[in-house]
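Below is one structure, written out as structure tokens; the observations come after it.
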There are 2 protein chains.
Amino acid sequence: MANPRDPSAAPFVVQRNLVDQVVDYLTEAILASRFAPGERLSEAGLAAELGISRAPVREAARLMESRGLLVSRPRRGFFVRTLDVAELSDVFDLRIGLERHAFERVMTRFDAAIEQRLHRQISRLCEVAAGDDEGLKIEEDLAFHRLVFELADNARLARAFDDLSFELRLCITLITRTHETPESIAASHWRLLEALKSGDPQRCRDEVDYHIGVARDSVIERLADHAGVARG
Amino acid sequence: MANPRDPSAAPFVVQRNLVDQVVDYLTEAILASRFAPGERLSEAGLAAELGISRAPVREAARLMESRGLLVSRPRRGFFVRTLDVAELSDVFDLRIGLERHAFERVMTRFDAAIEQRLHRQISRLCEVAAGDDEGLKIEEDLAFHRLVFELADNARLARAFDDLSFELRLCITLITRTHETPESIAASHWRLLEALKSGDPQRCRDEVDYHIGVARDSVIERLADHAGVARG
DNA sequence: TCGGCACAAACTGTCGACAGTCGGCAATCG
DNA sequence: CGATTGCCGACTGTCGACAGTTTGTGCCGA
């Protein structure tokens with residue numbers, strides 16, 4: 001072993017290219033609602049704001065379009081993605097399909113090590129659930145589900161979830177608060193782990209459907225309120 | 001001649017931007033194996049070959065990277081995607097997850113109109129299955145599954161399948177022939193339609209699993225042969 | 001007062017160019 | 001003779017600029 005330059009290892013000194021930096025900047029800005037949904041993003045304006053040329057901005061925007069955070073209209077430029085109730089419903093429906101599959105795969109290879117990792121992540125989620133940082137709750141919640149996909153041992157499946165995650169975050173960003181009480185958050189995830197442990201596919205599937213269904217209904221309900229307020 | 005300013009015909013005769021044209025060009029070239037898997041693509045070379053500048057080529061390549069047909073290495077450029085057996089297995093496993101979900105949704109809204117559309121598509125598939133055009137068989141086969149996703153009435157789900165389709169085509173491109181006899185192709189798809197018609201979720205799911213499983217095993221087996229020949 | 005037309009501003013799509021970096025090759029040293 | 005180092009070519013990342021298009025505005029006529 002001991003080759004100091006292991007190509008698989010992360011580089012020590014990362015010279016991040018501008019595109020990645022712009023992607024991070026825009027992603028953070030959109031998810032923090034610093035850009036309004038539907039707002040037009042000017043390439044030149046962003047480039048000037050960041051002190052760079054338009055080329056990296058364009059590439060970053062294209063990348064974010066593929067992630068579903070921006071949409072482009074030919075000759076019109078890029079706009080912050082908006083989600084109506086129908087699209088939002090589609091997103092959560094697809095999530096159900098993906099999570100059912102991931103949980104099923106995890107169940108087939110469930111063991112003590114997997115249980116421990118999931119246990120730890122739920123504990124972490126419980127810790128932040130009692131606090132006030134809504135963004136942190138969301139991230140730890142998604143981190144649990146991301147862990148499930150990682151444990152499902154299918155990189156392509158995990159990537160599909162990652163792609164969807166950006167849109168999920170966008171859904172959640174559209175509303176102010178998402179979650180139930182800390183107790184219900186914890187209980188819901190513990191039940192998922194118990195279902196995995198049981199080895200009963202039907203029970204696991206039902207639990208996933210319920211878990212995602214609750215999240216979907218919560219987001220949809222609050223989005224409806226939001227839209228009502230915005231237009232009322 | 002083609003005056004680009006013709007608003008009356010706008011929806012159909014849009015002046016396609018260079019990026020889309022390059023995407024089509026590269027996609028066709030890769031899927032037709034005119035570029036070898038793993039081959040490096042030079043931006044400047046492609047730009048010169050097509051008589052355009054590098055900017056549209058870069059954007060097109062980035063788009064194709066998000067579709068999984070190219071991979072980029074920082075400061076090295078773009079390479080034609082290669083798929084090993086593990087990745088290929090992942091792709092088909094994700095496909096099973098997506099198709100299970102799509103078929104389930106179609107079943108819940110199954111009616112005569114849906115049956116007719118699927119029936120027609122299978123008939124079309126049967127027609128070409130007897131011929132020699134392997135590419136056409138693949139396209140009509142995928143068109144059937146694409147139709148199922150369309151009938152599932154979830155745009156995000158369909159997009160997930162479309163994304164996967166590029167990689168599926170890439171899988172299939174890696175091998176010369178994919179399919180069984182015309183009879184088995186037909187029978188396999190008719191059974192899927194029958195399963196949908198039965199309204200039995202478990203039967204439908206089993207049929208999907210079998211259908212995709214056969215395709216997966218076929219591709220994997222032939223890829224293994226291919227690799228063996230290539231390296232033997 | 002209102003609708004249509006023309007002009008102007010802003011922006012995107014595309015281009016050519018430059019600088020920094022990476023991989024390969026050859027000369028050099030042990 | 002093998003390993004290392006420096007150099008060279010090729011290429012990517014980034015930049016500034018131009019042309020065509022779209023949007024918004026103001027003027028003119030009815």
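Numbered from 1 within each chain, the chains take letters A, B, ... in sequence-line order. Values in this document were obtained by computation on a predicted structure and should not be read as measured data.
Listed for the B:Thr27 side chain is a donor-acceptor partner under 3.5 Å among the backbone atoms of B:Val23.
Side-chain contact between B:Glu87 and B:Glu167 is absent, with no heavy-atom pair separated by less than 4.5 Å.
Comparing D:dC11, C:dC22, D:dT22 by their nearest atom to the side chain of B:Arg75 picks out C:dC22.
In this structure, CG of A:Leu18 is placed 17 Å from P of D:dT12, rounded to the nearest angstrom. B:Arg40 has its CZ atom 12 Å from the C1' atom of D:dG9, to the nearest Å. Between B:Glu43 atom CD and C:dC15 atom C1' there is a gap of 14 Å when expressed in whole angstrom units. Whole-Å rounding puts the B:Arg76 CZ to D:dG13 P distance at 11 Å. Whole-Å rounding puts the B:Leu41 CG to D:dA10 P distance at 18 Å. The distance from atom CG of A:Asn17 to atom C1' of C:dC22 is 15 Å, rounded to the nearest whole Å.
Environment of CZ in A:Arg40: crowded, with over 12 heavy atoms of neighbouring residues, nucleotides or ligands closer than 6.0 Å.
Here B:Arg117 pairs with B:Glu150 under the side chain to side chain donor-acceptor pair (under 3.5 Å) rule; sequence neighbours left out. With sequence neighbours excluded, the residues that form a side chain to side chain donor-acceptor pair (under 3.5 Å) with B:Asp93 are A:His101, A:Arg105, A:Asn154.
For DNA chain C, the residues of residues 47-73 of chain B within the heavy-atom distance limit of 4.0 Å (strictly under) are B:Ile52, B:Ser53, B:Arg54, B:Ala55, B:Pro56, sorted by number.
Here A:Ser89 contributes atom OG and A:Leu94 contributes atom CG; the two are 11.5 Å apart, rounded to the nearest 0.5 Å.
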